[in-house]
2 protein chains.
Amino acid sequence: MLKKERHDSIMRQINLHNRVLTSDLVQLLSVSEDTIRRDLQELAERDQLYKVHGGALSKSYQSSFDDSTVYAKDAKIIIAKKAISLIKDGMVILTGGGTTIIEMVKQLPENLHATFFTISPFVAIELANYPRVEVILIGGLFSKNSQVTYGGHVINQLSEINPDLCLLGTSALHPDDGLTDTDWEINQLKKTMLNCSKKTAVLCISEKLGISLRLKVAPITNIQYLITELPANDPQLDDYQIKSLQIL
Amino acid sequence: MLKKERHDSIMRQINLHNRVLTSDLVQLLSVSEDTIRRDLQELAERDQLYKVHGGALSKSYQSSFDDSTVYAKDAKIIIAKKAISLIKDGMVILTGGGTTIIEMVKQLPENLHATFFTISPFVAIELANYPRVEVILIGGLFSKNSQVTYGGHVINQLSEINPDLCLLGTSALHPDDGLTDTDWEINQLKKTMLNCSKKTAVLCISEKLGISLRLKVAPITNIQYLITELPANDPQLDDYQIKSLQIL
DNA sequence: CGGCTTTATGCGTGTTTGTGCGGTATTGTG
DNA sequence: CACAATACCGCACAAACACGCATAAAGCCG
């Protein structure tokens, strides 16, 4: 087995399970521990995973929990500013949840006049600070993990609205595989959000670029705007330079 | 389980609950007490949490500690304890918003198995900490003042459910005028909540007793339980000693 | 081809890390 | 003060790791 094949296999395992144990990989790939260790080290140097004693963890898993405190906050504020440039007075906007979106909401101009639909209670609470914004919280089952409402009831209600713009946080974005996720229900939800909206903007910190998870939400051609903290001409974004996608 | 995963798991617990007990974590993560203690120590050294005898507290506990600025908190905790005595495993419960209700939710037994409908995002977020509780957030317009959802859409959805118990915070309760309020929409909302439920409990700190506001929600005979921080035989409650109303 | 370097891998040895256990000290509470 | 719960300390041990070295395959070049 070639080194590259092994690396791919390891990355697949990681994206699938969010974690790998060195000992499991030894068995799976039938090579020595040292080899696996060297593999993980290399991949870690390339920032493709996060190495820990005993194995490795997915980067996206990583940042979804404790990082949201300080680490990526600056990046998220940059993203927020860019996203806000898409929002005009009088628009009807649908948002998902996640720290990136909440950061954006906090940066909105004081006197914005708009209508927001959201599936995230946190977003609703933040939006309540804006006197001229109408907030509609879409109700349904409340997800303990994602802290958004989900399930059939939410999907039904989404099918009754047609917002001008949908703002989505992301688990992963890949040039070929598009938008992907790990949770089936959230996956359905994102699909519906995307379909019911006239346009969709994806807010995505750069370290989630190039990653592909188990479940496919939508091809990249279904998205109109990609917002990252990088400048639009950054080489990391080269793979996303296609006609239908505007990069901010 | 990798150490880092354990740390993430602990941090998630803390961010949700604002506190963790060492003994709970031992069970949850199936490792020895020493290991948990070392974990907490490490996280404390990294300033990710605040270690105390018996467990740890969220660093931002101060922010939720500022709900010590919540008025009459001690009284509300007493009320909470009494209200919980009404809740049995398997019940379907509808709650309103307000600090009293939120305080109650925080005091719920760890392993409660129940279904909660709520119009308050805050309540939903708190309830999400309980693994065996199903949370349904009723969606609709989001009120900037009361921080609950309201309006026709909420009323419609309420008419489709029939919970065993409705828990209501109160603006005012009067022996003759019953439950009253000042806001027209919230008034409609409370009426509907009361009507759709099999039984209703009113959570009310004593100083709101004997007050009557502009808009009438319901006569006192429509309420089954009155919960205050006072003992049931307190003279202040004499006026409420009627057959249909049980005072806790 | 033969000699040379480069790259990838495995093995042996000593080190570090993570975890549990037993015993003892400390803390909180009635 | 007594008692239980919790914390701390040192030790033991296995698992994971780092490093140097040996080996072998692959690549390169005159």
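Below, read A as the first sequence line, B as the second, and so on, with proteins coming before strands; counting in each chain starts at 1.
Residue Gln41(B) places at least one side-chain N or O closer than 4.0 Å to OP1 or OP2 of dC8(D). Using a 4.0 Å cut-off, some side-chain N or O of Thr22(B) falls inside it from OP1 or OP2 of dA7(D).
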- B/S/- along nucleotides 19-26 of chain C (protein heavy atoms under 4.0 Å) is BBBB----
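Residues Lys4(A) and Asp8(A) are paired through a salt bridge, judged by an N-O separation under 4.0 Å between the basic side chain and the carboxylate.
Between the side chain of Thr228(B) and the backbone N or O of Leu230(B) there is at least one donor-acceptor pair closer than 3.5 Å. Under the 3.5 Å distance criterion, the side-chain polar atoms of Tyr240(A) are left unmatched by any main-chain donor or acceptor of Ile220(A).
Atom-to-atom, CD of Glu45(B) to C1' of dC8(D) comes out at 14 Å; the value is rounded to the nearest Å. One can place CG of Leu21(B) at 14 Å from P of dA5(D), the figure rounded to the nearest angstrom. Separating the NE2 atom of His7(A) from the C1' atom of dT7(C) is a distance of 13 Å, rounded to the nearest angstrom. Rounded to whole Å, atom C1' of dG18(C) lies 16 Å from atom CZ of Arg37(B).
Within the 4.0 angstrom heavy-atom criterion, no nucleotide atom of any strand lies near Val26(B). Counting non-hydrogen atoms under 4.0 angstrom, Glu42(B) reaches nothing in the nucleic acid. Nucleic acid contact for Lys51(A): sugar-phosphate only, since backbone atoms but no base atoms lie under 4.0 Å from a heavy atom of the residue.
When each of Gly54(A) and Gly54(B) is assigned the nucleotide of DNA chain D with its nearest heavy atom, Gly54(B) is the one assigned upstream, toward the 5' end.
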- Message: Let's go through Phe122(A) and Ile101(A) carefully: what are the C-alpha distance in whole Å and the side-chain angles of both, what is the deciding distance for side-chain contact (heavy atoms from CB on, under 4.5 Å) to 0.1 Å, and is it a yes or a no?
- Response: CA-CA 10 Å; Phe122(A) 294 102; Ile101(A) 302 280; over 6 Å; no
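When only modelled atom types and interatomic distance are considered, Ser206(A) and Glu229(A) share a side-chain donor-acceptor pair under 3.5 Å. For the residue pair Thr95(B)/Thr118(B), the side-chain donor-acceptor check at 3.5 Å is satisfied.
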